[in-house]
Amino acid sequence: MGIKTTVVPKIKNTIRTAKEYWSVPPKGNYIPYKEIASLSGAGFGVYWTTLLPGAIGLNASNFLVGASIGLRPMDLQIMLTIANLIGIPIGIFRSWYYDNHNLKGGKFLPFIQRTGFPIVLISLIFVWLPYENMEYITKAVVVWFMYFLLNMFLSFYNESYTYFQQIITPNAQERATVMSISQVIYSLAPTITNLFIPMIAGWTWGLNNIWTYRIIYPVFTIIGLIISTVFFHKVKERLILPKKKPEPVRMFDAIREVAKNKYYWIVQSANWVVFLESGYGVVLGWSFVYAFNGEYQSYLGVANTVIGNAALWSMLLAPLAIKVMGKRNLLITANSINIAVLIVLYFTYKNLILICVLWYFNTFINTFWNIVQHNISADMRDYHQWKTGVRVDGLFGPLGMIGTVISFFTGMVYPAVYEKMGLLEDYNVLYDDTIRNNLFEVLILCSALGALLNLIPFCFYDLTENKHRAYVDVLKIRAMFENYAMNALDDNELEDAMGIILQAKELFGKEKISIDKSVLKEAKKLPHRDDEEKQIRAEAIKKAKEEIRNIKETNLAIERASIIMHDLNKFSSAAGIAKLEQAKNDISREATYYYENAADELKSAKKLPKSTETEKAIRSDAIKNARIKKESAALLKKHGIESIITPDDSIKEEIINRETAGFIDSIKVKKELREYLKAESIYKRVTKPYSDAANLIAQADYYTHYEELEEKYLSLCSTHNK
């Protein structure tokens, strides 16, 4: 009776909901259920596609190049450093290309669809080369070359997949839910491989023998490529942008803007120390393979499967955890627990069962981190678009090369530790309990320190979920005004944006409602002796909780209303009026006007009063405007007015839309475009005071059409009601 009254209705409701939203997303969301299913299948394929390539790494903990091929830890690190050094300009090109390519199918999907096959082919060639017959130096050179070639494609593939997940929906909570659901299904891939590969390897050649990577891994990799190819044709990207064609983004212009994004530096500073936290990662695998004379190696697959199950629960709980705690608090909590787990591991690493128990708990915690970091990265990009008005994705990458340079030095830490502790090219020394245990202790302590250092930057991260939602709402409103000006506004955009504005106008300036939990407490005190009393009590508790939830939602909407109305009213505020007057003054001059007094103007701007928020805003705008004029003057002085050529959009359009015969031809076109964009960039920076003024005046004009849009919206609502 109990099952029929509880479980069966829930199952029926789930099936009914799935059918209802299979092709059409729920209200307020963007993704139908069938696309979530396709994304999940694609993720499964991605994991298997990169299974063998992912097993090829230049570090001592890598069974293939370390234990199987037999390269020394420090040599591997030097090889990795050289590869990364040469990879810097390639990485910069890759980042620029994401934001400037002319491929059909989206911003990132074309790269996913085009790089899978080369990755699989190169990785298969890699493992089948006859390393057994090579001298040490020959092995090192061949491994380095193949690794470098493989990673040229693998970097495109992995980055594109990561970025793609971040723009599949602009709704942060929906994105967290979708990523959680897709990763639950995607997690079946590592569950299968973590179980069977170590098990089969234990029965055959072992994880430290190259034949495992020649025979077992390729089966999964080829199947993964087929699966991912099928499912990636059934998903799409979603960016909130005006319908005009995006302008090409010059790399150095984007870098200048990205460098001003405070959240970018918070995330990057955490990434710079994450290498230290990863040191303990070898403890589980090496304990099974080398401890107890390797007699438990075949059980590593079972352990990996059981431990991998921990990720399932955190994937399921992640959307709720993000909703309740927020991304920042969840990250800090997860890292704090990780530190405690590592401390316990230090005292228990000799016990294989306790290692597995701690690894299970650690996997549960770290999976939250993996999900949250992708969402934080997406939020950071939306914030940047709100702040600057320019959408940048790939060009966040070049500044990240700072981390690559830092890794040249930090990457030497663990190889130096390995060799200092006695691990060279003969990995059989790990069968020695003393050497292995001493090494484990050092690695675990370093990891605990790394986890602490990784936690600190996020204490300064204050981009809350509600702020992010407000920024996305503002982007929708701006797109509505701009699309209306271009006569490209559709009814759905109008309804969405005007609904946001009307709610914000209604709540703007209101005080937050205090939450009184006494009603809930009284409801919980109600008697529940029989079924009738239990039902009355349950309904009272439900009603009280719903009231509290509604108040919380209203308070969050009041917070958002402040950000939304500030943007909507920016041209009628004292600071906005002052800024608009300055823009009118700047646009009255020539576009290439020489601001010879910009330095004095900057000094005067810095002396402006800053006692009130309005004064601070006026002063900040004046300083920013003077600095732009100062840079304009410096560029004019450097290049000379005669070399500043007005760009011809028809030339740029011809270059952008030019048909290319192949990759080489495409590179030539990109080079021509790059040269054009460099000249255009100089012109734009020289004329930036003028163009900024023109854009501000145009945007102010867009906002004057609000009443027309509101009338159009009300008319649309009236039609719907009929």
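In this text, all values refer to a predicted model and were calculated from it rather than measured experimentally.
Legend: residues meeting ring-ring contact (aromatic ring centres under 6.0 Å, His included) with F231, ordered by chain and number and at least two apart, are absent. For K712, the side-chain contact (heavy atoms from CB on, under 4.5 Å) test picks out L494, with sequence neighbours left out. Here R469 pairs with D473, E553, R560 under the side-chain contact (heavy atoms from CB on, under 4.5 Å) rule; sequence neighbours left out. Residues passing the ring-ring contact (aromatic ring centres under 6.0 Å, His included) test with W313: none are found, sequence neighbours excluded. For Y690, there are no ring-ring contact (aromatic ring centres under 6.0 Å, His included) partners two or more places apart in sequence or in a different chain.
When all heavy atoms of S160 and I112 are compared, the closest pair comes out as CB-CG1, 3.6 Å.
Contacts classified as ring-ring contact (aromatic ring centres under 6.0 Å, His included) and involving residues 560-579 (residues at least two apart or in different chains) are given here: F571-Y703.
Side-chain contact check for I558 versus T554: some heavy-atom pair is nearer than 4.5 Å. Between Y713 and E495, some side-chain heavy-atom pair lies under the 4.5 Å cut-off. Contact check for V46 versus F232: side-chain heavy atoms found under the 4.5 Å cut-off. A heavy-atom distance below 4.5 Å is found between the side chains of D462 and K262.
Among V474, I501, I500, the one residue that satisfies the side-chain contact (heavy atoms from CB on, under 4.5 Å) test with L568 is I501.
A perpendicular orientation is assigned to the rings of Y263 and Y383, their planes being inclined by more than 60° (bins at 30° and 60°).
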task = Determine, stepwise, if the pair Q582 / D621 fulfils side chain to side chain donor-acceptor pair (under 3.5 Å).
result = CA-CA 10 Å; Q582 181 62 60; D621 289 337; over 6 Å; no
key: Steps toward side chain to side chain donor-acceptor pair (under 3.5 Å) verdict (N585, E581)   = CA-CA 6 Å; N585 182 50; E581 286 301 316; over 6 Å; no
